[in-house]
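Each remark here refers to the structure printed beneath this line.
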There are 2 protein chains.
Amino acid sequence: MGLRERKKEETRIALSWAAIKLTVERGFDNVKVEDIAAEAGVSHRTFNNYFSSKGEAIAARHFDRAVQIADELRSRPDGEPLWEAITNAVFARFALGMQEAERPADERWIAGVKLMSQHPEHQGEFLKAHTAAQEALAAAVAERTGTNADRDLYPHLVAGTVGAAILAAINLWLHGDAPAPFEELLRDALGQVAAGLPTP
Amino acid sequence: MGLRERKKEETRIALSWAAIKLTVERGFDNVKVEDIAAEAGVSHRTFNNYFSSKGEAIAARHFDRAVQIADELRSRPDGEPLWEAITNAVFARFALGMQEAERPADERWIAGVKLMSQHPEHQGEFLKAHTAAQEALAAAVAERTGTNADRDLYPHLVAGTVGAAILAAINLWLHGDAPAPFEELLRDALGQVAAGLPTP
DNA sequence: TCGTATCTTTGCGTGGCTCGCAAATTTGTG
DNA sequence: CACAAATTTGCGAGCCACGCAAAGATACGA
């Protein structure tokens, strides 16, 4: 990767991160594209060369992370059963980043994230990112299972189910009544869908 | 329902339908909010009292129909097994409307729908509507299974899985390689997830 | 039937947003 | 170092969402 591409990637991440940071701190509607661009050290116009909206910039981080699940799945050993491989892939790339890095773990921060997650424009973009990443996952599932993503339902059903499990875990964690560690919720959710959703 | 509410409902539907019609005919970016309002016989400003964007107006029809699945599920007999009830509910309110009403069945129309379905803004709003309707379904599933939508993953996993099946069927129908009747795809998809996604 | 309270529609104005375009700057390469 | 290619930036056009307040429609009790 040449200097050019590296700088582009850096700018993209800086913009996305700035968008998240400012939005969590101030609320979606109190952040102008101008502010995000300034925070990342580029011009307003450059922001729009990278993202076509505030919401897309915010969702980009989720997207990048979610797409990596598909990559990880491809690198799991061939012998590993499908659902085991998926679970491992999800945890390898998803669960960890949710807890550790880049989070002040602040109470104010979490409140900000909750607010952000409820904003209509963010929801739409978040779901778009989630769904796009799911397609990458479906392609990986198709490869692994010898099915065809353009003709068969199966890989999309698997990917969609995994996505639903991840979303359910995120939503219950953010908005549910019973506080539980995210990792536990996610493991539970994946376990249930992997087992074919037995009646509880 | 008084006259007031009936007129509101009519306006809402007229706006949503006008948005879909014009968008399918001309393409998303060649339709102004002004045009939609004119087609429905109200002012531009009134459009925004009902919907906060073009995309939302378009997705409203999907949303209304999808929410009815939850209502239908509630009215299924108590003894019916969950997945059977869900499948029947989906077909009662969803599959039929997809084929019959309000569709010129025109080739030009279908091409327009395909184009529309690929537009980024539409995708976001469509997924938002889909997800919101899914929550209604989760609530109905919680009622039926004695689980709690605020605390348990289960109803959200079931609703999310059903939603994923519906989405997969729609997408394969619209964009897939192998042409098959929508109803068949949907039945296949629901059958697979109901059976716990056995390896094909 | 009428009068009033409530809800809905509408026009206007404001601020923000996305994107096309072309000039200026930066990076890659021989 | 010079030239080609990609990226950034400023500017401008057109559209959009929403707050506000006036005008219009509907509900409902007396």
Side-chain angles (χ1 to χ4, degrees), chain A residues 1-20 22-23 26-60 115-116 118-126 128-129, chain B residues 1-20 22-23 25-60 116 118-126 128-129:
Chain A
M1 193 194 276
L3 177 65
R4 224 163 206 159
E5 293 176 43
R6 189 159 53 248
K7 281 194 88 169
K8 276 198 80 160
E9 197 56 23
E10 275 168 22
T11 302
R12 180 186 151 88
I13 291 178
L15 280 170
S16 178
W17 176 240
I20 294 172
L22 293 179
T23 300
R26 302 187 203 163
F28 196 96
D29 294 318
N30 301 319
V31 178
K32 292 191 269 198
V33 170
E34 194 75 51
D35 304 333
I36 299 170
E39 177 90 10
V42 297
S43 74
H44 174 178
R45 188 64 184 77
T46 293
F47 173 90
N48 273 99
N49 287 341
Y50 282 85
F51 301 109
S52 60
S53 74
K54 243 191 297 180
E56 190 179 318
I58 295 174
L115 261 187
M116 178 177 77
Q118 286 173 313
H119 193 286
E121 196 172 327
H122 171 69
Q123 283 181 347
E125 291 295 337
F126 179 83
K128 249 170 50 186
Chain B
M1 195 192 273
L3 177 63
R4 223 164 211 163
E5 293 174 45
R6 188 159 53 247
K7 281 192 87 168
K8 274 199 79 160
E9 197 56 24
E10 275 168 22
T11 303
R12 179 187 153 88
I13 291 177
L15 280 170
S16 179
W17 177 241
I20 293 173
L22 293 180
T23 301
E25 284 172 2
R26 303 188 203 163
F28 196 96
D29 294 318
N30 301 319
V31 178
K32 292 190 268 200
V33 170
E34 195 75 50
D35 304 332
I36 299 170
E39 177 91 10
V42 296
S43 74
H44 175 176
R45 188 62 184 79
T46 292
F47 173 90
N48 273 103
N49 287 341
Y50 283 85
F51 301 108
S52 60
S53 74
K54 243 190 299 180
E56 190 180 319
I58 296 173
M116 178 175 77
Q118 286 174 314
H119 194 285
E121 196 173 328
H122 170 71
Q123 284 182 346
E125 292 294 336
F126 179 84
K128 247 168 54 185

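Hydrogens, waters and symmetry mates are skipped; everything else that's a heavy atom, side chains included, is used. Order of the sequence lines sets the chain letters (A, B, ...), proteins ahead of strands, with each chain counted from 1.
The side chain of A/Y50 contributes an N or O atom lying less than 4.0 Å from OP1 or OP2 of D/dT8. Proximity of B/T46 to the phosphate of C/dT10: a side-chain N or O atom is located under 4.0 Å from OP1 or OP2.
Rounded to whole Å, atom P of D/dC16 lies 15 Å from atom CD of B/E56. Regarding A/N30, its CG atom lies at a distance of 11 Å from the P atom of C/dG16, rounded to whole Å. As a whole-Å value, the separation of B/R6 CZ from C/dT8 P is 15 Å. For the pair A/K8 NZ and D/dA6 C1', the interatomic distance rounds to 8 Å; values are reported in whole Å. Spacing between atom CD of B/E10 and atom P of C/dT9 amounts to 12 Å, rounded to whole angstrom units. Between the C1' atom of C/dT9 and the CZ atom of B/R12 lies a distance of 18 Å, rounded to the nearest Å. Spacing between atom CG of A/L15 and atom P of D/dT7 amounts to 15 Å, rounded to whole angstrom units.
Between the side chain of A/K54 and the backbone N or O of A/T23, no donor-acceptor pair lies under 3.5 Å. B/S16 contributes no side-chain N or O that, together with a main-chain N or O of B/R12, makes up a donor-acceptor pair within less than 3.5 Å.
Taking 4.5 Å as the limit, some side-chain heavy atom of A/N49 sits within range of a side-chain heavy atom of A/R45. In this structure the side chain of B/L22 reaches within 4.5 angstrom of the side chain of B/E25, judged on heavy atoms. In this structure, the side chains of B/Y50 and B/K8 come closer than 4.5 Å at one or more pairs of heavy atoms.
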Seminar exercise, completed: Protein heavy-atom contacts under 4.0 Å, written 5' to 3' over nucleotides 17-30 of chain D as B (base), S (sugar-phosphate only) or - (none), form the string SBBB----BBS---
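Side chain of A/V42, nearest nucleotide from D/dT9, D/dT7, D/dC16: D/dT9.
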For this session: Please step through side chain to side chain contact (heavy atoms under 4.5 Å, CB included) for the pair B/E125 and B/I58, ending with a clear verdict.
Result: CA-CA 8 Å; B/E125 292 294 336; B/I58 296 173; over 6 Å; no
